[in-house]
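Report on one structure; see the data block that follows.
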Amino acid sequence: MEQYLFGCRLEQDILDLDQTMEHLQQALNFTAHVAYRRGIILFVSRNRQFTHLIESMARDCGEYAHCRYWQGGLLTNANVQYGKGVRLPDLIVFLSTLNNVFQQHVAVRDAAKMNIPTVGIVDSNCNPSLLTYPVPGNDDSGPAVELYCKLFRMTINRAKDKRRQMEILYGLKSQND
Amino acid sequence: MAALCKAVCVAKRGAKLARISCRSLLAFGKLYSTGDTSEFPGNKEDTPTAEKKLSGFAAAFELHSGLQQKHDIAAGTVGKSPGSNEHSFATLLKQSPLVQMGTSKDKVAVGKIFHIVNNDLYVDFGGKFHCVCKRPAVDGEKYQRGSRVRLRLVDLELTSRFLGAKTDTTLLEADAVLLGLLETKPK
């Protein structure tokens, strides 16, 4: 995470928010494109303080959230656990990449195994390597997570509205993929 | 979609920066005032000799700043919007309360209680982490969700590296002493 740090002051690491801004814009742009193309977006976070906030945000934008215990084979063993022909998420957004014992969430590794792109908010104690679109930022404070929720909800809603508008304008048929 | 917003933001920021620099330079440019900013340099022979003749870069600058102002007036974006932030991150950080505060030891802060579990008050004072304080004996029932309290900060994050550990162990909490409710002047 050193490349994302502005510096260290009084034993506190300061993230460079100019870099965060660029990363966040790329991540939101990608999320918007996935939502536009009717992808399934899954929000994951094991931070118990924000479970309700993230689940209600996911419901508000018509996407999915998994903020509870993650079973080992959810992604990698989906055909056995959920039956054949299960559709896996097309994007996984981590609002915190760590689980409750400060280890990396299993879903980061599993999404990489299953070729699912990931967006993740990485704090200074996280490892951004496996994420497709890491966003260096604060994942611990209430106002920070509320901001991310607001941005993702706004992005996804706008993308879906645009899709509906384009369908009406150009008469695109709804596709099954 | 976000790429569009970025392009618009950059364009707006560029326009605003140009406007600010126009204004600051026009303050100096008043020394070289001409009657009409859209005049071409060739017509300057007709102006009275009391006004200095513009040429080269100064003339081009006057011309383009006049055009920019006209465009701004037409677009209805004259004047800096109150929400514009053109400072770099370094400036914002330097002027932020976190840096202006210095060390957090023995600093008094105002926090808001956002959660209560029996006698434990979870107070958010604007730092990265919240602090947890015991409900005091005096005026205990006045401490409810949403009350503002005064705190004396001890530590912004309770973290330490223990023997034999590779990384620090953190409690994800700050440490502060509850001084009391925020005293508001009676109206």
Side-chain angles (χ1 to χ4, degrees), chain A residues 5-7 9-36 47-49 96 98 100-103 119 123-127 133 135 137-146 151-152 154-163, chain B residues 1-10 13 85-105 107 111-115 117 122-132 145 153 155-162 165-174:
Chain A
L5 288 186
F6 184 75
R9 183 180 190 270
L10 294 176
E11 313 291 314
Q12 288 172 317
D13 292 324
I14 312 276
L15 292 166
D16 186 1
L17 290 185
D18 286 331
Q19 288 187 51
T20 298
M21 173 90 121
E22 291 161 13
H23 284 92
L24 186 60
Q25 279 167 348
Q26 283 174 4
L28 289 174
N29 183 35
F30 184 73
T31 311
H33 279 278
V34 170
Y36 179 84
N47 196 333
R48 290 204 169 105
Q49 192 179 349
S96 164
L98 296 182
N100 287 325
V101 280
F102 301 107
Q103 288 165 353
V119 165
D123 207 344
S124 48
N125 55 353
C126 305
N127 181 5
Y133 291 91
V135 178
N138 185 5
D139 59 5
D140 294 311
S141 308
V145 177
E146 282 167 23
L151 288 173
F152 279 108
M154 182 176 74
T155 312
I156 293 172
N157 282 333
R158 280 191 193 176
K160 290 185 170 173
D161 289 341
K162 182 79 182 172
R163 174 76 188 205
Chain B
M1 321 297 155
L4 268 175
C5 300
K6 180 186 178 176
V8 169
C9 281
V10 167
R13 211 181 292 141
N85 45 351
E86 300 175 21
H87 300 292
S88 67
F89 170 61
T91 317
L92 287 172
L93 180 68
K94 190 166 142 188
Q95 292 165 358
S96 67
L98 175 72
V99 167
Q100 294 291 317
M101 173 177 78
T103 46
S104 52
K105 190 104 175 61
K107 294 284 186 325
K112 195 162 115 158
I113 302 178
F114 70 92
H115 194 235
V117 176
Y122 289 69
V123 185
D124 173 27
F125 54 87
K128 180 161 175 183
F129 300 106
H130 57 267
C131 66
V132 185
R145 206 174 285 215
L153 303 177
D155 201 353
L156 281 184
E157 183 183 358
L158 286 170
T159 173
S160 170
R161 180 160 307 187
F162 292 97
K166 262 194 310 180
T167 53
D168 287 17
T169 306
T170 173
L171 272 182
L172 297 180
E173 256 179 45

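To find a chain, count down the sequence lines: A is the first, B the second, and so on, and within it residues start at 1.
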* Should we say atom NZ of Lys128(B) is surrounded by more than 12 heavy atoms from elsewhere, each under 6.0 Å from it? ->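 It does: Lys128(B) NZ has more than 12 such atoms within range.
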* Enclosure of Glu11(A) CD (heavy-atom neighbours >12, cutoff 6.0 Å) ->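 Open.
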* Asked: What part of Leu156(B) lies closer than 4.5 angstrom to a heavy atom of chain A: side chain, backbone, both or neither?
  ->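 It is the side chain, since no backbone atom gets that close.
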* Structural part of Ser104(B) lying under 4.5 Å from a heavy atom of chain A ->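 Contact with chain A: none, neither part.
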Would you mind checking which part of [X] comes under 4.5 Å of any heavy atom in chain B, side chain (CB onward), backbone (N, CA, C, O), both or neither?
X        : answer
Leu10(A) : side chain
Gln49(A) : side chain
Gln12(A) : side chain
Asp16(A) : both
Phe30(A) : neither
Asn47(A) : neither

To the nearest 0.5 Å, what is the distance between [atom1] ([X]) and [atom2] ([Y])?
X         : Y         : atom1 : atom2 : result
Asp124(B) : Ile113(B) : CG    : CD1   : 11.0 Å
Leu5(A)   : Ile14(A)  : CG    : CD1   : 9.0 Å
Asp140(A) : Ser124(A) : CG    : OG    : 8.5 Å

* To do: Mind ranking Thr167(B), Leu98(B), Asp168(B) by heavy-atom pairs under 4.5 Å with chain A and telling me who comes out on top?
  =>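 Option with the top pair count is Leu98(B).
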* Asked: Between Gly126(B), Gly127(B), Gly102(B), which has the largest tally of heavy atom pairs under 4.5 Å with chain A?
  ->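 Highest number of heavy-atom pairs under 4.5 Å: Gly102(B).
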* To do: From the options Phe152(A), Tyr36(A), Tyr133(A), select the one residue that forms a side chain to side chain contact (heavy atoms under 4.5 Å, CB included) with Thr31(A).
  =>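 Testing Thr31(A) for a side chain to side chain contact (heavy atoms under 4.5 Å, CB included) against Phe152(A), Tyr36(A), Tyr133(A) leaves exactly one candidate, Phe152(A).
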* Please report the closest heavy-atom contact between His130(B) and Leu172(B), naming both atoms and the distance. =>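 His130(B) and Leu172(B) have their closest heavy atoms at CE1-O, 4.2 Å.
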